[in-house]
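Every chain is numbered from 1, with letters handed out A, B, ... down the list of sequences.
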Amino acid sequence: MMKFNIEFCLKVIEKCISAVPLTLYLTLWAFIFGMILALIIALVRYKNVPILRKVFQLYVSFIRGTPVMLQLYIVYYMIPIAIDSVLIRTNIAFRTNQIEIKVLVLIALALNVSAYLSEIIRGGLISLGKGEIEAAYSVGMTDSMVIRRIIIPHVFVLCIPNFSANLISVLQASSLAYFVSLREVTGTAKIMASSNWKYFEAFVATGVVYWVLTVMIELITYLIEEMAKRRGYNLRKQY
Amino acid sequence: MDQAQSMLQAEGIKKSFGSNQILRGVDLEVNKGDVVVILGPSGAGKTTLLRCLNFLEKPDDGKLRIDDLIVDARSSKREIVEYRRKTAMVFQQYNLFKNKTALQNVMEGLVQVQRKQKDEAEMIAKEYLDKVGLHNKYDAYPASLSGGQQQRVGIARALALKPEVILFDEPTSALDPELVGEVLSVMRSIAEIGITMVVVTHEIQFAMDIATKVVVMADGEVVEQGNAKDIFQNAKEERTRQFLKKIIPEYSYVI
């Protein structure tokens, strides 16, 4: 009968905490870049821009239809090879192996989350009543003013709960980075366990760390929601 | 009528939604200081016409002119924005910016569109909120205001922009009956100071009292137009009489 080695588990937790910055780096940057891309995708699809709309539709379908793992491998293995094969024919000295691994991982995560976020934003756009948008046009705003002043603030507030859920998903998905040898939280735990085969203790340790991080995200979400409520946004009622 | 005064002109406005033709070539002329009231049975295309006048709906055919600026379906976005800035709209559902206070609602267009300094915009916004009787509601959010108060904010928002013409789309239709009066009295007071207005409404008394011109629409066309007395007492067209009979119970006796 194997006994749960709580001492080792605590040791792994301690070590994992020092890897939290890398995990947060991956999560937050992936989320931010994903959000920017998602906004573009959602607006293109909402406004029915010809051709681009179809391209993004296919993109969203592909990303949501395949595992993050595959996307990570494509970004990590395939795309660098493709880019290098082009670069080698030019006299540009840059090669993709100069890109840090963590940057490739965050690109993969950003691409992944952008598809999900774009659908959330699109849903928000659709649910946002036409009334305020029309009022904005009627006071003489241009398209870009309407997007900046009305659509973005509103839709983003409406979407806070969904965004929060997706940020948490990215956090968990960032654990896949250990497959490409990054020493973030999961990678660190796995390396420690490989010396004594106490994988269960090690992964329980990562669970604790991820859970704490998740609770922190939930807490921040709550604070943002409260702030939005004080500014007159009604989060309970969908417009 | 003096042609030089003509300020807003719509010519041959047509609009279809799918195979459903809502406007079949509407002409409308509004002079400076006019209060034009558009009446007609539901489905006549009144609201659609008003929305075309603001270019919230793009007319399929026809021309719109305010002062020297002419726009049509082929106009560029910039021309349309420029045209729109000469108009303002008051909506049936108020359409206030829900995350902004009454004051911020009025300031939004002044700051963003007219590029006024914040303190100047605030002064103007307060002046117009005072005008519609909301001097104690500057910092209230729409959700905490009654329908009548919200609509008055909507009117202040339109007035503050100093447009050439304000378009009212059934401004009292969504209000509880006891709140209609306060909105109409604000509209009366701004009509009296000479603001040019185009109003779609079902408030016949209001139309009789302050309209300088009444336009009756039916089936996507202008059936008849003239001053209030002509329309209400000597309607020439059968369709006008039919309509008036339905909305004014004692109409048959008026004749």
Side-chain angles (χ1 to χ4, degrees), chain A residues 39 43-44 46-50 52 121 123-163 221-239, chain B residues 50-51 53-58 76-78 80-115 139-145 150 153-154 156-163 166-169 174:
Chain A
L39 186 64
L43 283 173
V44 162
Y46 179 68
K47 292 252 168 194
N48 265 325
V49 178
L52 259 189
I121 296 173
L125 286 172
I126 293 167
S127 76
L128 172 65
K130 283 233 184 303
E132 289 184 53
I133 295 177
E134 289 190 339
Y137 280 121
S138 83
V139 300
M141 287 196 193
T142 59
D143 285 347
S144 72
M145 283 181 195
V146 173
I147 291 173
R148 230 169 358 97
R149 299 287 307 174
I150 307 298
I151 295 181
I152 291 183
H154 263 260
V155 167
F156 273 60
V157 170
L158 276 182
C159 295
I160 289 171
N162 283 328
F163 285 159
T221 307
Y222 171 77
L223 293 175
I224 293 174
E225 282 180 349
E226 286 303 303
M227 211 163 69
K229 271 182 212 161
R230 272 202 302 279
R231 295 197 174 188
Y233 289 97
N234 189 346
L235 290 168
R236 259 157 291 151
K237 203 178 84 196
Q238 296 281 320
Y239 306 124
Chain B
L50 205 71
R51 289 167 61 82
L53 294 182
N54 193 264
F55 243 89
L56 283 177
E57 299 293 350
K58 193 192 234 178
S76 68
K77 274 202 170 149
R78 200 200 298 183
I80 290 169
V81 168
E82 197 190 334
Y83 172 89
R84 249 192 216 129
R85 287 179 182 173
K86 291 174 178 288
T87 69
M89 188 124 173
V90 174
F91 298 87
Q92 183 175 3
Q93 302 292 344
Y94 334 128
N95 293 0
L96 297 184
F97 305 123
K98 294 191 183 70
N99 60 324
K100 293 186 165 59
T101 62
L103 192 65
Q104 289 166 341
N105 260 277
V106 183
M107 285 171 64
E108 183 72 10
L110 296 170
V111 175
Q112 297 299 322
V113 176
Q114 300 187 352
R115 301 266 162 224
D139 297 321
Y141 284 100
S144 66
L145 295 173
Q150 289 190 55
V153 175
R157 178 172 70 182
L159 270 176
L161 298 167
K162 288 208 168 42
I166 302 183
L167 310 166
F168 292 81
D169 180 18

| query | Would you say the side-chain atoms of A:D143 and A:Y137 include a donor-acceptor pair closer than 3.5 Å? | reply | yes

| request: Answer yes if the side chains of B:N54 and B:T87 hold a donor-acceptor pair under 3.5 Å, and no otherwise. | output: yes

| task | Would you verify whether the NZ or CZ of B:R78 falls within 45 degrees of the ring axis of B:Y83 while also being under 6.0 Å from that six-membered ring's centre? | result | no

| request: Check each atom of B:Q93 against the heavy atoms of chain A and say whether the ones under 4.5 Å are side chain, backbone, both or neither. | output: neither

| query | Looking only at heavy atoms, which two atoms of A:E134 and B:L56 are closest? And how far apart? | reply | O-CD2, 3.8 Å

| task | Determine, using ring centers only, whether A:F156 and A:F163 are less than 6.0 Å apart. | result | yes

| query | Does any heavy atom of chain A fall under 4.5 Å from the side chain of B:I80, the backbone, both, or neither of them? | reply | neither

| Top of B:V113, B:L167, B:T101 for chain A proximity - count of heavy-atom pairs under 4.5 angstrom | B:V113

| query | In terms of heavy-atom proximity below 4.5 Å to chain A, should B:K77 be classed as side chain, backbone, both, or neither? | reply | side chain

| field | Interchain contact, A:I150 with chain B, by part (heavy-atom threshold 4.5 Å) | value | side chain

| query | Contact part of B:R51 toward chain A, heavy-atom cut-off under 4.5 Å: side chain, backbone, both or neither? | reply | side chain

| message | Taking side chain as everything from C-beta outward and backbone as N, CA, C, O, which of these in B:F91 sits under 4.5 Å from a heavy atom of chain A? Side chain, backbone, both or neither. | response | side chain

| query | Can you list the residues that meet the salt bridge (charged side-chain N to carboxylate O under 4.0 Å, His left out) rule with A:R149, with sequence neighbours excluded? | reply | B:E108

| task | Heavy-atom distances under 4.5 Å only: say whether A:M141 touches chain B with side chain, backbone, both or neither. | result | both

